[in-house]
Amino acid sequence: MALKVGIICAGDSELEPFLNHIQNCTATKKAMLKFYEGKINNISVVALYSGVCNVNAAVAAQILIDSFSVNTIISAGTAGGIEKTVKVFDTIISTQLAYHDVADDILVEFHPWLPSIYFNADEKLLAAAKKMVQNQAVNHPVIFGKMVTGESFIDKNMREIINKKYAPLSVDMESASIAHVCYVNNIPFISIRTITDTASHSGVENFEQNCSKASVISKDIVLAFLKELKNNS
């Protein structure tokens, strides 16, 4: 089966760096979303911005699977740093993802009956990402580890609570829900998010100031990752 990759960004500024790289691009509107379909380095891709929050991201992911037949999905764009050593413009690649605002038993005891509270990144995608870093295919700092997702921008007190329970590297508002949709559809998934704000550089103003640069970095790493996937396919 030929590789076809869905790329989901939360906002338009996170998607914008990808658009100049999509060759023979066509746009299709569904569910008030615009899907940009074409090729990047001879890999078929469908990219969009879903809008912020879990439901918007989940809607986008399911449409990518049902209407565009993607067989891999990447969550790209930006995130907030949680772990104290994580710096602005570091890029986090997910090994595991969880919701930080969903009770622990909800997804374990009920649909989709997870073995733990975490959604695991696809092993083959993770191996390709690690090989990309080992081959020095990117010029930006990359860290592998846990991510968490929830429906709010994180302040200092919430950052401490999340760090104590989950010890994640980053937090965002979409990645776990995309992982959730991919899990129930048996679609390989990975998240590649670049940090805009940290405990020492927190707040919406830092996110807004750093979003454009972080989005370009995330794009650079996703493109290098796609090249590695192409080499392995």
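Computation of the quantities below employed the complete heavy-atom set of this structure, encompassing side-chain atoms and omitting hydrogens, waters and symmetry-equivalent molecules. All residue numbers in this chain count up from 1 along the given sequence.
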Original post:
Relative to Phe89, does Lys213 satisfy both conditions: NZ or CZ under 6.0 angstrom from the six-membered ring centre, and within 45 degrees of the ring's axis?
Top reply: yes
Subject >> Residues Glu174, Arg193: salt bridge by 4.0 Å N-O rule >> reply: yes
Original post:
Got a donor-acceptor contact below 3.5 angstrom from the Ser94 side chain to the Ser191 backbone?
Top reply: yes
**OP:** Could you check Val108 against Trp113 for side-chain contact (heavy atoms from CB on, under 4.5 Å), going step by step and ending with a plain yes or no?
**Re:** CA-CA 4 Å; Val108 174; Trp113 300 282; over 6 Å; no
**OP:** Report yes or no: do Ile93 and Leu223 belong to one cluster of Ile/Leu/Val/Met/Phe/Trp/Tyr joined by side chain heavy-atom distances under 4.5 Å?
**Re:** yes
**OP:** With the side chain counted from C-beta on, respond yes when His111 and Val184 share a heavy-atom pair under 4.5 Å apart, and no when they do not.
**Re:** yes
Original post:
For the residue pair Ile22 and Ala47, what are the closest heavy atoms and their distance?
Top reply: CD1-CB, 4.1 Å
Original post:
Does a salt bridge link Asp197 with Arg159, judged by any charged N lying under 4.0 Å from a carboxylate O?
Top reply: yes
Original post:
Will you find, in the side chains of Asn24 and Glu37, an N or O donor that is under 3.5 Å from an N or O acceptor?
Top reply: no
**OP:** Might you point out which heavy atoms bring Thr194 and Ala214 nearest each other, and give the distance in Å?
**Re:** CB-O, 3.4 Å
Original post:
Would Leu15 and Tyr36 satisfy side-chain contact (heavy atoms from CB on, under 4.5 Å), going step by step from the backbone distance to the final call?
Top reply: CA-CA 10 Å; Leu15 173 68; Tyr36 296 89; 3.8 Å; yes
Subject >> From CG (Leu169) to NZ (Lys84), nearest 0.5 Å >> reply: 14.5 Å
Original post:
Same hydrophobic cluster for Met158 and Val171, using side-chain heavy-atom links shorter than 4.5 Å among ILVMFWY?
Top reply: yes
Subject >> Whether Asp90 side chain and Lys87 backbone form a donor-acceptor pair below 3.5 Å >> reply: yes
**OP:** Please tell me if the side chains of Thr28 and Phe68 come closer than 4.5 Å, counting only heavy atoms from C-beta onward.
**Re:** yes
Original post:
Can you name the nearest heavy-atom pair linking Lys146 to Thr95, along with the distance?
Top reply: N-OG1, 3.6 Å
Original post:
Does the distance from a Lys or Arg side-chain N to an Asp or Glu carboxylate O, for Lys34 and Asp12, drop under 4.0 Å?
Top reply: no
Original post:
Does the pair Lys230 and Asn41 meet the rule for a side-chain contact (heavy atoms from CB on, under 4.5 Å), with working shown?
Top reply: CA-CA 8 Å; Lys230 180 69 174 178; Asn41 295 328; over 6 Å; no
Subject >> Partners passing side-chain hydrogen bond (donor to acceptor under 3.5 Å, both in side chains) against Ser50 (at least two apart in sequence or in another chain) >> reply: none
Subject >> Donor-acceptor pair, side chain of Asn71 and main chain of Ala2, under 3.5 angstrom >> reply: yes
**OP:** State the CG-CD1 distance between Asp104 and Ile117, to the nearest 0.5 angstrom.
**Re:** 5.0 Å
Subject >> Leu229 and Met132, any side-chain heavy atoms less than 4.5 Å apart >> reply: no
Original post:
Hey, does His100 have a side-chain heavy atom less than 4.5 Å from the side chain of Thr149?
Top reply: no
Original post:
Any ion pair linking Lys130 and Glu228 (charged N to carboxylate O, less than 4.0 Å)?
Top reply: no
Subject >> Rounded distance [0.5 Å steps], CD1 in Ile162 versus CD1 in Ile82 >> reply: 5.0 Å
Original post:
Taking it one step at a time, do Tyr118 and Tyr166 satisfy side-chain contact (heavy atoms from CB on, under 4.5 Å)?
Top reply: CA-CA 10 Å; Tyr118 293 100; Tyr166 301 96; 3.7 Å; yes
**OP:** For Tyr99 and Ala176, work out which heavy atoms get closest and say how close.
**Re:** OH-O, 3.7 Å
Subject >> Point-to-point distance, once rounded to the nearest 0.5 Å, from CG of Leu114 to CD1 of Ile106 >> reply: 11.5 Å
Original post:
Shared ILVMFWY cluster between Ile187 and Val59, side chains joined below 4.5 angstrom?
Top reply: yes
Subject >> Ile190 vs Phe225 side-chain heavy atoms within contact, under 4.5 Å >> reply: yes
**OP:** Any chance you could lay out the side-chain hydrogen bond (donor to acceptor under 3.5 Å, both in side chains) test for Gln23 and Asn42, step after step, and finish with the verdict?
**Re:** CA-CA 9 Å; Gln23 299 171 334; Asn42 291 320; over 6 Å; no
Original post:
Quick one: are Leu226 and Val45 in side-chain contact, heavy atoms under 4.5 Å?
Top reply: yes
Original post:
So do the side chains of Ile8 and Ile74 get within less than 4.5 Å of each other, counting heavy atoms only?
Top reply: no
**OP:** Would you mind reporting whether Thr196 and Val88 have side-chain heavy atoms less than 4.5 Å apart?
**Re:** no
Subject >> For the student: nearest non-hydrogen atoms of Ile195 and Ser170, plus distance >> reply: CD1-CB, 3.8 Å
Original post:
Who passes side-chain hydrogen bond (donor to acceptor under 3.5 Å, both in side chains) against His21, sequence neighbours left out?
Top reply: Lys219
Subject >> Identified side chain to side chain donor-acceptor pair (under 3.5 Å) partner of Ser75 from the options Ser218, Ser177, Ser175 >> reply: Ser175
Subject >> For Phe119, ring-ring contact (aromatic ring centres under 6.0 Å, His included) partners two or more places apart >> reply: His180, Tyr183
Original post:
At what distance, to the nearest 0.5 angstrom, does CG of Leu48 lie from CG of Leu64?
Top reply: 5.5 Å
Original post:
Which atom pair, heavy atoms only, marks the closest approach of Gly81 to Val86?
Top reply: CA-CG1, 4.1 Å
Original post:
Roughly how far, to the nearest 0.5 Å, is CD of Glu16 from SG of Cys9?
Top reply: 10.5 Å
Subject >> Any donor-acceptor pair under 3.5 Å from Asp122 side chain to Lys124 backbone >> reply: yes
